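All residue numbers refer to positions in the sequence shown, counting from 1. Keep in mind the model is a prediction, meaning the values are calculated, not measured.
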Amino acid sequence: MRPVGSKYLLEEPLGRGATGTVWRARQRETAGAEAAVAGEPGETVAIKVLKEELASDADVVMRFLRERSVLLRLTHPNIVRTRDLVVEGDLLALVMDLVDGPDLHRYLRDNGPFSPVAAALLTAQIADALAASHADGVVHRDLKPANVLLAGSDGDGAMHPMLTDFGIARLADSPGLTRTHEFVGTPAYVAPESAEGRPQTSAVDVYGAGILLYELLTGRPPFAGATALEVLHKHLSEDPQRPPSVPEPLWTIVERCLRKRPEERPGAENLARGLRTVAAGIGAQATPQQAEAALGVAALLVPDPDPATVPGTGTGGPQGTDAAAPTQVLPTNASSYDPGAPTSVLPSTGGPAGQGPAPTRAMPPVPPMPAGAPTAGPVAPEGPHPWESQMRAARDRNEQTQVQYLAPQDDPLRRRPQRRPAPAPAPQQPRYDAPPAGYTAQRPPAPQRRQEPPPQRYEPAPPPAREPRPPREPRRRSANPMRIPGLGCLKGCLFTVLLLFVAAWLVWEFTPLQEWIGTTKGFFQQIGDVITSVKDFVQKLGR
């Protein structure tokens with residue numbers, strides 16, 4: 001057992017969630033005036049101990065203390081009452097009434113979906129709890145079946161849903177926690193404006209109530225995916241599909257609650273009224289008037305004209321400031337220089353008053369410096385930088401060859417070289433040593449130049465289309481994959497010797513060659529005698 005403060009004692013854990021652990025505890029003594037419920041010694045209560053990272057965050061502790069009065073005064077028959085808040089060192093805890101019963105998520109998993117009438121009536125009670133909290137300015141922001149406890153679900157009495165974890169999302173929505181989380185809530189039940197980081201109102205709870213109603217009817221949420229990002233994308237871009245088992249009036253409520261635009265969703269109070277109207281009109285004992293009223297339920301689903309806003313997500317706050325503005329990046333210390341420090345974010349400089357930020361201005365071109373003028377620094381060399389020439393050379397090397405069509409008459413490899421005609425020799429004039437007297441020199445007529453025909457260009461005929469080659473048969477592989485050099489020639493020689501041997505045997509045995517030679521010996525005996533005589537001859541030569 002572990003004491004919590006001086007008045008409570010933890011006994012055993014009941015459940016563990018994303019923000020803390022719920023314990024069954026016992027009250028040691030009567031609480032003081034600061035608690036909403038004083039209680040009696042020995043009374044059993046439920047205590048939710050928040051995680052250590054929340055308790056060690058100063059922003060969460062300050063918000064915890066600031067929201068104390070709001071959470072303690074939030075009372076409703078369908079809301080688990082917060083009795084006390086404990087702040088002790090690094091421990092933050094909420095003391096609540098103990099509800100003996102499973103949560104709605106476990107009940108759905110064990111028993112399956114609800115009937116349309118039961119789902120409508122149960123969601124109507126949850127909508128009553130939301131209407132009471134919204135009237136007090138508190139938005140739950142994490143409405144899901146796991147945060148709905150079912151009192152009396154053991155069969156002895158009527159099932160009574162009670163909404164818990166009010167204010168947990170508001171307490172957890174602090175800079176210390178949002179450094180690692182993009183939004184507060186569960187991806188399968190988060191509203192589109194929460195996923196996009198837009199201003200949030202009480203309409204996010206109505207969206208969660210629509211998803212909860214869909215899950216009560218079908219046993220699963222309308223949007224699912226392999227990753228949280230995929231689920232959020234479906235919340236932003238897809239519309240739920242109507243299951244065949246959902247009556248049309250009840251689907252009208254689900255569709256209106258799951259509108260992408262928050263201003264089109266009904267208020268929590270109107271949602272509860274519409275759910276009860278539909279439950280009465282689709283039941284087995286419904287009258288024609290009740291059935292007609294259920295079909296016209298869309299007229300009851302009026303949006304809330306003054307929805308409760310969530311601090312820190314809009315432009316609310318004192319004097320137009322945001323009560324939970326995002327963390328601002330401060331410039332680093334200008335007096336010291338750290339080469340490993342992160343880049344500083346400079347504040348933007350605005351324009352004249354009332355005109356917003358000043359537009360980006362282009363720097364005027366630098367005028368050329370006159371000759372002889374002193375320069376403040378080294379003059380940049382003319383021409384491209386060596387890196388530029390290297391990059392350009394690399395791009396030229398990496399460019400692929402462009403394949404273009406070339407006409408045959410323009411191809412130098414296909415043109416026949418043309419011989420230039422030799423120039424005609426100039427006619428020689430006869431030379432005279434001395435013209436005779438009375439001779440008048442006459443100029444010979446100019447020779448007429450012969451007109452050459454224009455050169456003829458050789459245009460090769462287009463090659464004939466090739467016939468498609470027949471497919472090659474697959475080459476049969478030898479049974480012996482090992483290749484021995486010269487093995488083919490050796491096989492041929494052995495086959496020739498064998499063929500000659502068989503031919504000689506056939507000739508000797510089946511022809512009258514033995515009688516002609518005058519011997520009656522067989523072929524092999526004759527061969528043996530020949531070999532013996534050859535051996536004897538060789539031995540005589542060796543002597």
Which heavy atom of [X] sits nearest a heavy atom of [Y], and at what distance?
{"X": "Val206", "Y": "Cys257", "answer": "O-CB, 3.7 Å"}
{"X": "Gly281", "Y": "Ala286", "answer": "O-CB, 3.5 Å"}
{"X": "Leu104", "Y": "Leu150", "answer": "CD1-CD1, 3.8 Å"}
{"X": "Ala151", "Y": "Val99", "answer": "CB-CG1, 3.8 Å"}
{"X": "Thr218", "Y": "Arg220", "answer": "OG1-O, 3.0 Å"}
{"X": "Pro161", "Y": "Gln125", "answer": "CD-OE1, 3.4 Å"}

Report, as yes or no, whether the 6.0 Å neighbourhood of atom [atom1] on [X] holds more than 12 heavy atoms from other residues, nucleotides or ligands.
{"X": "Glu255", "atom1": "CD", "result": "yes"}
{"X": "Asp110", "atom1": "CG", "result": "yes"}
{"X": "Glu238", "atom1": "CD", "result": "yes"}
{"X": "Arg73", "atom1": "CZ", "result": "yes"}
{"X": "Glu29", "atom1": "CD", "result": "yes"}

Passing candidate, side chain to side chain contact (heavy atoms under 4.5 Å, CB included) with [X], options [options]:
{"X": "Val278", "options": "Leu121, Val117, Ile253, Leu300", "answer": "Ile253"}
{"X": "Trp23", "options": "Leu14, Val4, Val49", "answer": "Val49"}
{"X": "Val148", "options": "Thr123, Val80, Asn78, Leu212", "answer": "Leu212"}

So, [X] and [Y], do they make that salt bridge, N to O below 4.0 Å?
{"X": "Arg265", "Y": "Glu193", "value": "yes"}
{"X": "Glu12", "Y": "Arg24", "value": "yes"}
{"X": "Arg276", "Y": "Asp128", "value": "yes"}

Within this structure, what is the [atom1]-[atom2] distance for the pair [X] and [Y], rounded to the nearest 0.5 Å?
{"X": "Ser237", "Y": "Phe223", "atom1": "OG", "atom2": "CZ", "answer": "8.0 Å"}
{"X": "Asp97", "Y": "Thr44", "atom1": "CG", "atom2": "OG1", "answer": "11.5 Å"}
{"X": "Leu301", "Y": "Arg256", "atom1": "CG", "atom2": "CZ", "answer": "5.0 Å"}
{"X": "Leu163", "Y": "Asn147", "atom1": "CG", "atom2": "CG", "answer": "7.0 Å"}
{"X": "Glu40", "Y": "Thr30", "atom1": "CD", "atom2": "OG1", "answer": "5.0 Å"}
{"X": "Leu216", "Y": "Ile126", "atom1": "CG", "atom2": "CD1", "answer": "7.0 Å"}

Does the [X] side chain pair with the main chain of [Y], one donor and one acceptor, at a distance under 3.5 Å?
{"X": "Arg26", "Y": "Gly42", "value": "yes"}
{"X": "His160", "Y": "Pro77", "value": "yes"}
{"X": "Asp103", "Y": "His105", "value": "yes"}
{"X": "His140", "Y": "Ser202", "value": "no"}
{"X": "Arg242", "Y": "Trp251", "value": "no"}
{"X": "Lys260", "Y": "His235", "value": "yes"}

So, do [X] and [Y] sit near enough that their side-chain heavy atoms are less than 4.5 Å apart?
{"X": "Leu149", "Y": "Met96", "result": "no"}
{"X": "Gln200", "Y": "Pro262", "result": "no"}
{"X": "Leu258", "Y": "Ile211", "result": "yes"}
{"X": "Leu275", "Y": "Leu250", "result": "yes"}
{"X": "Leu92", "Y": "Val87", "result": "yes"}
{"X": "Asp165", "Y": "Lys48", "result": "yes"}

Practice problem: Decide yes or no on side chain to side chain contact (heavy atoms under 4.5 Å, CB included) for Leu213 and Leu122, but give the supporting numbers first. | Solution: CA-CA 9 Å; Leu213 177 58; Leu122 190 143; over 6 Å; no
Quiz item: Ring centroid separation for Tyr107 and Phe114, is it under 6.0 angstrom?
Solution: yes
Quiz item: How far apart are the C-alpha atoms of Leu98 and Val45, what are their side-chain angles, what is the distance that settles it, and do they pass the side chain to side chain contact (heavy atoms under 4.5 Å, CB included) test?
Solution: CA-CA 5 Å; Leu98 180 63; Val45 295; 5.5 Å; no
Exercise. Identify the residue among Arg28, Lys7, Arg83 that makes a salt bridge (Lys or Arg N to Asp or Glu O under 4.0 Å) with Glu43.
Key: Arg83
Practice problem: Would you sort out whether Thr186 and Asp142 count as a side chain to side chain contact (heavy atoms under 4.5 Å, CB included), showing the intermediate values? | Solution: CA-CA 7 Å; Thr186 308; Asp142 196 15; 3.3 Å; yes
Self-check item: Test side chain to side chain contact (heavy atoms under 4.5 Å, CB included) applied to Leu50 and Leu94, step by step
Solution: CA-CA 8 Å; Leu50 301 186; Leu94 286 84; 4.3 Å; yes
